[in-house]
Protein chains: 2
Amino acid sequence: MNKIGVSIRDVARETGLSTATISRVVNGGSKVSDETRQRVLEACARLDYLPNPAARALSTRRSKAVAAIIPTIEHSVFAKFIAAVERTLGERGYSLIMAIAKADEAEELAAARKLLGMGADALILSGLDHSDLLLEMLERRAVPYVFTSAWDDRSARPTIGYDNALLAERAMQHLADRGHRRVAVVHGPLAESDRTRSRRAGAASVGDRFEHLAFFEAPLDVAGGKACVGAALEDPRDFTAYLCSTDVLALGAYFACAEAGKRIPQDISVMGFDNLDWSRDIVPPLTTIDLPAVGMGEMVAQRIVAYLEDGAPLQNELLTAGIIERGSVADLT
Amino acid sequence: MNKIGVSIRDVARETGLSTATISRVVNGGSKVSDETRQRVLEACARLDYLPNPAARALSTRRSKAVAAIIPTIEHSVFAKFIAAVERTLGERGYSLIMAIAKADEAEELAAARKLLGMGADALILSGLDHSDLLLEMLERRAVPYVFTSAWDDRSARPTIGYDNALLAERAMQHLADRGHRRVAVVHGPLAESDRTRSRRAGAASVGDRFEHLAFFEAPLDVAGGKACVGAALEDPRDFTAYLCSTDVLALGAYFACAEAGKRIPQDISVMGFDNLDWSRDIVPPLTTIDLPAVGMGEMVAQRIVAYLEDGAPLQNELLTAGIIERGSVADLT
DNA sequence: TGTTGAAGTGTAACCGGTTACACCGCACCT
DNA sequence: AGGTGCGGTGTAACCGGTTACACTTCAACA
């Protein structure tokens with residue numbers, strides 16, 4: 001890797017010191033006289049010495065790399081999350097190794113093996129549902145890990161995220177409070193994500209406040225949301241509001257309404273989930289749930305580093321999220 | 001890293017063979033009898049042996065990790081690109097280490113040092129403009145690298161991308177051909193990106209076909225595009241079309257038009273650049289340029305692996321992109 | 001003066017793979 | 001019988017750091 005081949009022994013030779021001393025200086029170690037330290041640092045700079053990470057990892061049994069497996073980075077919530085993780089790790093001298101694995105458990109397991117095989121010190125996983133083989137492997141190898149983007153108070157495994165069910169329930173209450181009695185919930189593929197299932201369950205839990213409560217499953221992209229809502233607009237139940245489990249689906253809903261000539265919120269109310277950048281710029285501005293993607297990324301990275309460096313135990317952390325009221329939900333009361 | 005401490009010597013002991021033989025089996029090496037191979041593979045599975053990557057990297061001087069420095073992953077072109085890189089590398093047994101660095105050259109240099117200090121075998125950079133210190137360091141260490149998302153036939157450095165200037169020029173010709181004579185170009189911060197500068201230059205090169213050709217610089221997000229176009233709609237030059245150097249800006253333009261009560265394309269034409277997912281779903285569908293983000297990611301990864309494995313030289317590669325005509329540009333002729 | 005201890009430095013084993021080279025047995029040839 | 005070649009395997013050096021431990025010096029103190 002260090003193609004120019006400047007090794008610690010070269011620095012030692014250059015300064016007339018031993019490799020032990022160079023190592024101590026480079027690692028900010030103790031017990032080196034200021035004068036020696038100066039001499040070493042100068043030599044390092046002169047030779048452009050960069051310690052060989054493999055050698056270091058081999059003897060310390062630490063790679064200073066953290067791995068994350070996420071379902072996609074093409075939705076900006078995930079992108080924001082992963083960007084925050086990367087930045088926070090970077091500030092602390094760690095790197096991020098990333099793998100993208102769809103919800104398929106086998107694929108996730110393979111990704112985890114690959115990342116561990118790259119030397120990752122810890123693993124960040126999305127959601128709560130993972131193959132037993134994976135979890136068992138992590139325990140056996142004593143690899144620290146956290147689940148993210150979700151929350152479960154019964155979980156014995158370290159989880160940092162938000163309560164999807166509760167938030168979906170709150171969103172439904174928000175609609176009910178404003179007089180909506182016929183509501184459709186549009187969500188992504190249930191089979192692919194425990195977070196989607198939580199959101200749906202949370203929404204269903206307050207079903208008794210509604211005359212009609214329908215659930216529609218759509219591909220998790222703008223086209224999916226558009227097609228789904230476009231069809232639902234014809235539904236005889238005549239929904240007054242659409243709760244989209246993702247802002248991306250809500251964007252599709254806007255487009256469906258535009259094509260059908262329905263005005264938001266006068267004719268149809270739409271509510272999102274994520275608070276993506278454009279949600280306050282769209283016309284009308286989207287009422288949505290402000291998921292703490294960035295804060296979650298920072299916290300995940302920070303906690304993992306704290307564990308790795310100081311052994312601070314990884315614990316469950318519940319992040320809160322609020323409804324951002326904007327103009328896309330009509331008050332029918 | 002391998003916390004359970006199953007090393008190659010354990011497998012050797014278990015099978016009664018030497019570490020050399022184990023290594024040969026694990027690396028699909030030659031010269032091992034089928035019977036021995038079976039025995040070793042079984043033992044590996046039984047012990048759940050995972051080779052220590054640091055040790056392997058130390059002796060082979062290869063980490064099988066490729067690093068990428070990108071300005072953001074929060075725009076889906078980059079996200080798509082990086083996802084394609086990750087997938088393609090993964091298929092070939094390589095991992096992706098990622099750093100996000102804004103256009104700041106110092107930040108990019110620091111990121112590169114960090115990634116190389118993590119043992120990256122190669123480096124993927126965005127755009128053509130990079131600090132001399134960085135390039136010098138790469139040459140000195142003989143680190144293979146490629147520039148992406150741009151193209152320059154005069155460049156002696158391996159570049160895989162598309163010709164931003166030419167594409168912008170084509171877009172302008174497209175507008176001119178449809179009778180637009182008063183056009184505004186909305187682009188991101190010039191200081192931050194050579195690609196933005198290329199696009200602007202390309203658009204400017206056909207300025208003589210227009211009565212008015214104005215350039216506006218906006219923050220590279222939906223809010224930026226919306227504010228910028230919102231203001232430009234008041235401009236006395238009365239532009240008939242807006243060329244946005246990014247679909248994200250075009251989305252902002254749509255919202256600005258919606259607020260101002262201007263219809264697209266009847267009152268105002270809008271053209272984008274990227275072909276993001278939603279651009280065919282938006283109402284009206286967006287005429288844009290189909291940037292080959294995924295193809296570029298695949299090619300970059302593939303070429304880098306080919307270089308690393310077989311020494312196939314990294315060369316310039318020009319990718320083509322076409323205009324996708326949809327409904328957002330009026331024909332005034 | 002001898003003892004103690006702290007500061008500063010060096011020696012060398014070790015981390016866990018890879019691989020050049022040596023070696024063995026055996027079939028095949030002359 | 002002796003030589004040649006090859007398939008299959010083992011030995012051990014090596015990759016480039018880290019760090020326990022040993023050692024030297026010198027100041028402080030009894």
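Labels below follow one simple rule: chain letters A, B, ... track the order of the sequence lines, proteins then strands, and each chain is numbered from 1.
One atom, CG of B:Leu47, and another, P of C:dG16, lie 15 Å apart when rounded to the nearest Å. In this structure, A:Asp34 places its CG atom 10 Å from P of C:dT9, rounding to the nearest Å. Here the P atom of nucleotide C:dG8 and the CZ atom of A:Arg37 are 9 Å apart, to the nearest Å. Between the CZ atom of B:Arg61 and the P atom of D:dC14 there is a distance of 13 Å, rounded to whole Å. Between A:Gln38 atom CD and C:dG8 atom C1' the separation is 16 Å, expressed in whole Å. Straight-line distance from the CG atom of A:Asn52 to the C1' atom of C:dG17: 13 Å, rounded to whole Å. Between A:Arg39 atom CZ and C:dG8 atom P the separation is 14 Å, expressed in whole Å.
Between A:Arg37 and A:Glu42, no side-chain nitrogen of the basic residue sits less than 4.0 Å from a carboxylate oxygen of the acidic one, so the salt-bridge criterion is not met.
A salt bridge (charged side-chain N to carboxylate O under 4.0 Å, His left out) check over residues 101-111 of chain A, counting only residues at least two apart or in different chains, returns nothing.
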May I have the list of side-chain donor-acceptor pairs in residues 64-76 of chain A shorter than 3.5 Å, sequence neighbours left out?
unit_1	atom_1	unit_2	atom_2	d
A:Thr72	OG1	A:Glu74	N	2.8
A:His75	NE2	A:Leu220	O	3.0

Distance-only donor-acceptor pairs under 3.5 Å for side chains of residues 293-306 of chain B, two or more places apart:
unit_1	atom_1	unit_2	atom_2	d
B:Glu298	OE2	B:Arg87	NH2	3.1
B:Arg303	NE	B:Glu317	OE2	2.8
B:Arg303	NH2	B:Glu317	OE2	2.9

If you look only at distance, which donor and acceptor atoms sit under 3.5 Å apart when one is on a side chain in residues 89-96 of chain B and the other is two or more places apart or in another chain?
unit_1	atom_1	unit_2	atom_2	d
B:Arg92	NH1	B:Thr88	O	3.4
B:Tyr94	OH	B:Glu309	OE2	2.6

Solution key, residues 11-20 of chain B side-chain donor-acceptor pairs under 3.5 Å, sequence neighbours excluded:
unit_1	atom_1	unit_2	atom_2	d
B:Arg13	NH1	B:Asp10	OD1	3.3
B:Glu14	OE2	B:Arg46	NH1	2.3
B:Thr15	OG1	B:Val11	O	2.9
B:Thr15	OG1	B:Ala12	O	3.2
B:Thr15	OG1	B:Leu17	N	3.4
B:Ser18	OG	B:Ala20	N	3.4
B:Ser18	OG	B:Thr21	N	3.4
B:Ser18	OG	B:Thr21	OG1	3.4

I'd like a list of close polar pairs between nucleotides 18-26 of chain C and the protein, N/O only, cut-off under 3.5 Å.
unit_1	atom_1	unit_2	atom_2	d
C:dT18	OP1	B:Asn27	OD1	3.3
C:dT18	OP1	B:Asn27	ND2	3.0
C:dT18	OP1	B:Arg56	NE	2.8
C:dT18	OP1	B:Arg56	NH2	3.4
C:dT18	OP2	B:Ser23	OG	2.4
C:dT18	OP2	B:Asn27	ND2	3.2
C:dT18	O4'	B:Ser59	OG	2.8

